[in-house]
**Q** 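This is the structure I want to talk about, given as structure tokens.
Keep in mind that this is a model prediction, so the values were computed, not measured.
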Amino acid sequence: MAEYRGFKRVVGNREDMSNGEQELGITESKEHSPGEWYAEVVRKAKLADYAPMGGFIVTRPRGYALWEVIQSYLDGRFKETGVQNAYFPLFIPESYLEREKDVVEGFDPEVAWVTQGGHEELEERLAVRPTSESIIAPFLSQWIRSHRDLPMRVNQWCSVVRWEATETKPFFRTKEFLWQEGHTAHRDHDDAWDETMTRLKQYEEVYEDVLAIPVMRGRKPEHDKFPGADTTTTVEALMPDGKSVQGGTSHHLGQSFAEAFDITFVDEDEEETVAHTTSWGLSWRAIGALIMTHSDDQGLVLPPTVAPEQVVIVPIWQEENREEVLEYSEGIADDLEEAGFRVELDDRDERNPGFKFNEWELLGTPLRLEIGPHEVEDGEVTAVHRPDGENHVEKRDGIVATVEEHLDTVYAKLYAAAEENLEENVREADSREEILGTIGQFGGYVRAPWCGDEDCETAIKDEIAAEIVMVPMEGEEPDDDCAVCGEDAEETAYFAKSY
């Protein structure tokens with residue numbers, strides 16, 4: 001599990017969270033109207049607001065804090081494995097984007113174009129980056145000369161714009177979104193493949209060790225891989241509503257992009273050789289998966305690894321013991337802060353304890369410590385878990401170790417619930433009717449033998465808007481004929497509806 005500690009307590013500069021809308025709580029049902037419920041949680045838990053332009057959002061500080069945790073974790077893992085951060089322009093000249101057409105048709109439906117700067121019409125259109133291969137690859141070509149320059153690994157944290165997004169949902173699908181994109185060059189196929197799998201493993205780790213979401217690793221079918229790539233690998237997460245989320249992708253690009261952009265090097269024999277390249281990315285879709293996986297009808301639920309406030313202390317006093325209860329609570333807050341936990345002491349006079357309990361549940365704080373005069377008298381605290389309301393009376397002594405144990409338990413509860421959802425929702429099918437019926441009734445993943453023909457996926461997609469989200473990486477041979485057409489099966493496919 002990722003480290004819990006490292007941020008300071010916030011006291012005395014708290015944003016007022018006491019507006020009327022907050023008091024209403026969550027009015028939609030996750031089970032019966034997950035789309036409306038999700039939008040309400042995002043807004044009322046102060047993660048994001050809708051921007052004045054359709055398809056865009058304003059990410060609020062609490063929402064951005066979640067992205068910062070993901071970014072910090074991955075950035076550290078990248079740098080441990082030789083990646084250096086860089087930054088490339090937001091705008092890509094049309095002539096650069098055209099070079100990518102040597103490999104792929106490009107992102108034409110997705111591209112937003114700039115045609116005028118100030119009062120002058122531009123001589124060449126500029127694309128707002130939908131992805132950055134066509135601006136990064138030319139510079140890799142300039143920077144790489146010799147085999148001694150390899151492997152070269154660069155990554156950038158940025159936003160991209162894909163204008164074709166229509167049915168938008170905060171974090172899951174917006175016209176502009178935050179992500180990281182890594183690009184590397186290598187001497188041979190095997191080195192590039194090792195790189196591809198290293199990044200996929202890191203994506204798996206951020207979901208499982210930071211977000212408390214188990215994932216499945218696989219690869220995309222040939223017709224759905226990144227255009228121009230040899231192989232696209234993916235981590236897939238199953239949401240409680242039965243839909244799959246593509247959590248992150250890592251592409252082995254082979255030599256196609258290197259040939260198009262002249263990424264070559266002189267090897268030990270003084271021969272000019274074409275490099276092998278990779279690209280890999282994870283976006284803030286991970287935040288959408290986090291919200292959808294763990295939250296409930298009371299509001300946001302967050303693992304302690306990412307929660308802006310891991311522990312909220314709610315002192316409960318009457319006027320005659322106010323000072324004593326507050327002093328005791330502040331001492332506990334100081335101890336936890338000194339140990340590195342992110343702590344909030346909610347000492348507001350104008351709100352009663354019940355309101356505070358509901359509000360911090362809405363905001364997703366993993367652990368609540370309740371302290372009243374009885375706790376002060378007995379040298380105790382009452383610890384309450386956000387996911388299920390389980391509570392324990394604990395001794396004041398050793399509070400740091402006690403809180404860490406409770407946070408570990410909360411994380412384990414969240415992971416176990418998500419793992420159970422995944423394990424219970426992978427089903428087998430051996431006919432077209434069975435695929436359609438199973439997804440229609442239960443959702444989740446349906447594992448079926450597949451001939452490899454895209455038409456067989458289309459037959460399912462046209463009926464029920466489900467697709468092949470992944471095929472196993474290796475070692476999972478189909479044991480029957482294609483479930484859709486009856487021809488010889490070449491692979492095992494996992495069908496699902498997806499975000």
**Q** Give a yes or no on whether the backbone of Glu164 and the side-chain of Glu110 come within a donor-acceptor separation of less than 3.5 Å.
**A** no
**Q** Do side-chain atoms of Tyr96 reach the backbone of Glu133 as a donor and acceptor pair under 3.5 angstrom?
**A** no
**Q** Determine yes or no for a side-chain-to-main-chain donor-acceptor pair under 3.5 angstrom, with Asp75 supplying the side chain and Gln71 the backbone.
**A** no
**Q** Between Glu359 and Arg348, does at least one N-O distance fall below 4.0 Å, as a salt bridge requires?
**A** yes
**Q** Please check this pair: side chain of Arg427 against backbone of Tyr445, looking for a donor-acceptor N/O pair closer than 3.5 Å.
**A** no
**Q** I'd like to check the side-chain hydrogen bond (donor to acceptor under 3.5 Å, both in side chains) partners of Asp224; sequence neighbours left out, ordered by chain and number.
**A** none
**Q** Would you call Arg77-Asp209 a salt bridge at under 4.0 Å N-O?
**A** no
**Q** Students often mix this up, so state it plainly: with edges at 30° and 60°, are the rings of Trp284 and Phe171 parallel, tilted or perpendicular?
**A** perpendicular
**Q** Only counting residues at least two apart or in another chain, list the ones meeting side-chain hydrogen bond (donor to acceptor under 3.5 Å, both in side chains) with Gln116.
**A** none
**Q** When rounded to the nearest 0.5 angstrom, what is the spacing between NZ in Lys225 and CZ in Arg219?
**A** 9.5 Å
**Q** Going by an N to O cut-off under 4.0 Å, is there a salt bridge joining Asp296 and Arg386?
**A** yes
**Q** Output yes when a side-chain donor or acceptor of Asp297 lies under 3.5 Å from a complementary backbone atom of Lys30, and no otherwise.
**A** yes
